[in-house]
K.L.:
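Sharing a structure, written as structure tokens. Questions coming.
Both backbone and side-chain heavy atoms feed into the values below; hydrogens, waters and symmetry mates do not. Here the structure is a predicted model, which means the values were calculated and not measured.
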Amino acid sequence: MKKFVLWMIRVFELDIPTEKIVTKVVEKQVLIPENGVIEGDLLVKGHVTVKGSLDVEGNLVVYKDATCKFNSKEE
């Protein structure tokens, strides 16, 4: 049956659409204000890389994924 269908496609020159999976990575740079302070709530969905120090006044909640691998000199 499969050969018959493929033969019909060739004979009648049919254009059969196929499913394509496209993966797209978008990197976005966020400009920090001149004084270096972002006031208010900040929600980040995705990966965050901090080069340097991170100063937090108040609460910081971090969820660690079991598959997450850290690039640390201590390990």
K.L.:
Would you please name every residue forming a side chain to side chain contact (heavy atoms under 4.5 Å, CB included) with M8, sequence neighbours left out?
P.N.:
F4, F12

K.L.:
Among the clusters formed by ILVMFWY side chains lying less than 4.5 Å apart, do L6 and M1 turn up in the same one?
P.N.:
no

K.L.:
Rounded to the nearest 0.5 Å, what's the gap from CD1 on I9 to CG on D15? Could you check?
P.N.:
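Going from CD1 on I9 over to CG on D15, the span is 10.0 Å.
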
